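In what follows, chains carry the letters A, B, and so on, assigned in the order in which the sequence lines appear, proteins first and then strands, with residues in each chain numbered from 1. Note that the structure is a prediction, hence the values are computed from the model and not measured.
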Protein chains: 2
Amino acid sequence: MAVSEFELIKRYFYQSARAFGVNMGIGDDCALLSVPDNKVLAVSMDTLVGGIHFPRNADPELIAERALRVNLSDLAAMGAEPLWFTLGLTMPKVDEQWLEGFSKGLLSVADEYNIALVGGDTTRGPLAITIQVHGAVEQDYAFMRGNARLGDVVFVTGQLGNAAAALSVIRQELNVGKSAFSYFMSHYYRPEPRLKDAKLLRGLTHCAIDISDGLLADLGHICEESGVGAKIDIERVPVSAALNKVAEAEQIADWALGGGDDYQLCFTVPQENLAKVEQLIENGKLRATAVGEIVKGSGVACLLEGEPYEPKRRGYSHFDPT
Amino acid sequence: MAVSEFELIKRYFYQSARAFGVNMGIGDDCALLSVPDNKVLAVSMDTLVGGIHFPRNADPELIAERALRVNLSDLAAMGAEPLWFTLGLTMPKVDEQWLEGFSKGLLSVADEYNIALVGGDTTRGPLAITIQVHGAVEQDYAFMRGNARLGDVVFVTGQLGNAAAALSVIRQELNVGKSAFSYFMSHYYRPEPRLKDAKLLRGLTHCAIDISDGLLADLGHICEESGVGAKIDIERVPVSAALNKVAEAEQIADWALGGGDDYQLCFTVPQENLAKVEQLIENGKLRATAVGEIVKGSGVACLLEGEPYEPKRRGYSHFDPT
């Protein structure tokens, strides 16, 4: 049976809840959307390709979860609250079982983070997912990569390296027990966009990035855009107990510094806001760790117990020959 | 040489002109955009897949032109003025010659229609292009599919069927001379989004759609959303002299009614605005033709010189088994 694009969308992708500012959602030539007063629109687009960004036979529910979570992470990294998203879904054929899993994963994340699916395109072709998220932020409170200043303290949220370990497991380079397996996989497929953290940090940081390509690469983007350097104390970079159990220090440092996909935030805090951020951490509201500082120069220098440290790799580049 | 995503974007996709409302364009986690006061945001996303929506070896300049033009057409169909677009570009490898052609085509259309590239994603995988366009429209003047009313006159802009003839040429089902070849190809690869027409029609129509899947299919969407029927007089459907030269009447009717890809507008005009629309047509400002009217019932009925006419096909569906 041929299923029309319209039927597909109606059957799998209609959300019942009416979202903020959606004057017209799916079903016309365009969605019509009202951005909240006194805020600017924040948009980000990501494409995930089957066989490149996720295994083609991966659970469609997890693929969908990851795709939307990764995009929401970009809104967190800008300090924006999520509002709407669009979905470009390309599939080799209409596989209703696959679609059921995919839409279940997608809409569960949409509900969790209160973001409405307002449009998109479904088409035939090699499996790929493009999502664009739309959020809103007050222009003066946006977290910009170019806003790091000398003397700022560099923080990261949560823990780093879990997703890189998951990739090693997926690639069968690493064998782990059942509970470690679940733990790492969950960090890879279900990264938590740091939207709550971003909200707490409103006015306390003006510079953040989400760690998708690895701490060194992403902090490097901050340094480049801000015209500064950064130094990182390796021993302060937070990693999980699970990670510490499955590998040696050098491998762990590589995952935590050079592995991407954790989608934690890296943000910089000016000295005058430091006490407030530390207070949030002490109160248990914010899970973040100071790992270094912004210095003169360019690029990111690593120190291990005060001595220069050269990491194995510096991050992921989408068009490396590998 | 490995080229990073950042270098790719800088080298091929930076526009020099500063666009309206772009507080932050390419280069941060999100683009930050200001929607004009008293207008709503209109967004539409389309994916074009190599080997499905265009031949993989097609001229990259034409692929890019078509991709952006097709998306701009959705803004025209909503009565929205174009502001910004994002690009999700998936390529098997970095082919600099291909990219040069692609970015040339893309940015030439962007300049022509005054729309700024503000973000996106480049990634590795089977050739595919996802574009999302963003525009603005006053909510009360948006052209909605659900706004057709009994007695409205149905118009189409320009001429229909040229793009369908081009597809027949591409598929080698039709042989034409050199000048007809250029003419049809240009309609297929370089459809003109009817943004000027949409501007002229502000307040005169409240219901439009762009003809991407064929007049019958797309007018059918209007009927469904508006809870009405429509009747079309086949002999009034405007076709080009070039089309009349290369085929018989039945084939021409099939291309004009069932072939998509023309990206003309189909719009409905209430009786009280009819004189104004006819005036625009007479003055040569608007190129449009009345082809039928909105009636009670459902679906689109075709008449040929007053007699019922059953067309060969009713339009394109993205997941037909063909």
Side-chain angles (χ1 to χ4, degrees), chain A residues 2-5 8 23-24 27-35 40-53 74-75 77-78 80 86-88 90 94 118-126 128 130 132 134-135 137 139 142-146 208-210 225 317-321, chain B residues 2-5 8 23-24 27-35 40-47 49-53 74-75 77-78 80 86-88 90 93-94 118-126 128 130 132 134-135 137 139 142-146 208-210 225 317-321:
Chain A
V3 183
S4 82
E5 186 178 0
L8 270 186
N23 307 350
M24 167 56 73
D28 215 304
D29 298 292
C30 295
L32 294 181
L33 308 164
S34 296
V35 177
V40 295
L41 177 72
V43 304
S44 179
M45 175 188 269
D46 266 309
T47 298
L48 300 178
V49 180
I52 307 275
H53 298 97
D74 280 314
L75 292 178
M78 211 69 185
T86 49
L87 168 69
T90 305
V94 176
V118 294
D121 195 12
T122 58
T123 190
R124 190 159 58 87
T130 296
Q132 179 162 321
H134 310 67
V137 61
Q139 175 70 41
F143 305 161
M144 315 281 266
R145 296 181 183 181
I209 192 168
D210 64 330
E225 294 297 322
S317 172
H318 298 267
F319 282 106
D320 266 349
Chain B
V3 183
S4 82
E5 185 178 0
L8 269 187
N23 307 349
M24 166 57 72
D28 215 304
D29 297 291
C30 293
L32 295 181
L33 308 164
S34 296
V35 176
V40 295
L41 177 71
V43 304
S44 179
M45 175 188 268
D46 266 310
T47 299
V49 180
I52 306 276
H53 299 97
D74 280 314
L75 291 178
M78 212 69 188
T86 49
L87 168 69
T90 304
K93 61 183 171 71
V94 176
V118 295
D121 195 13
T122 58
T123 192
R124 190 159 59 85
T130 296
Q132 179 164 321
H134 310 68
V137 61
Q139 176 69 42
F143 305 161
M144 317 280 266
R145 296 180 183 182
I209 192 168
D210 65 329
E225 293 298 322
S317 172
H318 297 268
F319 282 104
D320 266 349

Which atoms of [X] come close to chain B, meaning under 4.5 Å heavy atom to heavy atom: side chain ones, backbone ones, both, or neither?
X: Val43(A); result: both
X: Leu48(A); result: neither
X: Val40(A); result: both

Asp28(B): salt bridge (charged side-chain N to carboxylate O under 4.0 Å, His left out) partners, not counting sequence neighbours: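 With neighbours one apart ignored, the set is Arg145(A).
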Working to the nearest 0.5 Å, report the span between [atom1] of [X] and [atom2] of [Y].
X: Asp121(A); Y: Ser44(B); atom1: CG; atom2: OG; answer: 8.0 Å
X: Leu33(A); Y: His134(B); atom1: CG; atom2: NE2; answer: 9.5 Å
X: Met45(B); Y: Cys30(A); atom1: CE; atom2: SG; answer: 12.5 Å

Determine the minimum heavy-atom distance between [X] and [Y], stating which atoms define it.
X: Leu32(B); Y: Ala142(A); result: CD1-CB, 3.6 Å
X: Gly125(B); Y: Val49(A); result: CA-CG1, 4.1 Å
X: Arg124(A); Y: His53(B); result: O-CE1, 4.4 Å

Within the structure provided, determine whether Thr47(B) and Thr130(A) are in side-chain contact (heavy-atom separation under 4.5 Å).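 The answer is no, as the side chains (C-beta and beyond) never meet within the 4.5 Å cut-off.
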Which atoms of [X] come close to chain A, meaning under 4.5 Å heavy atom to heavy atom: side chain ones, backbone ones, both, or neither?
X: Ala208(B); result: backbone
X: Gln132(B); result: both
X: Leu75(B); result: both

Report the residues that fulfil side-chain hydrogen bond (donor to acceptor under 3.5 Å, both in side chains) with Thr90(A), sequence neighbours left out, ordered by chain and then residue number.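 Partners of Thr90(A) under the side-chain hydrogen bond (donor to acceptor under 3.5 Å, both in side chains) test: none.
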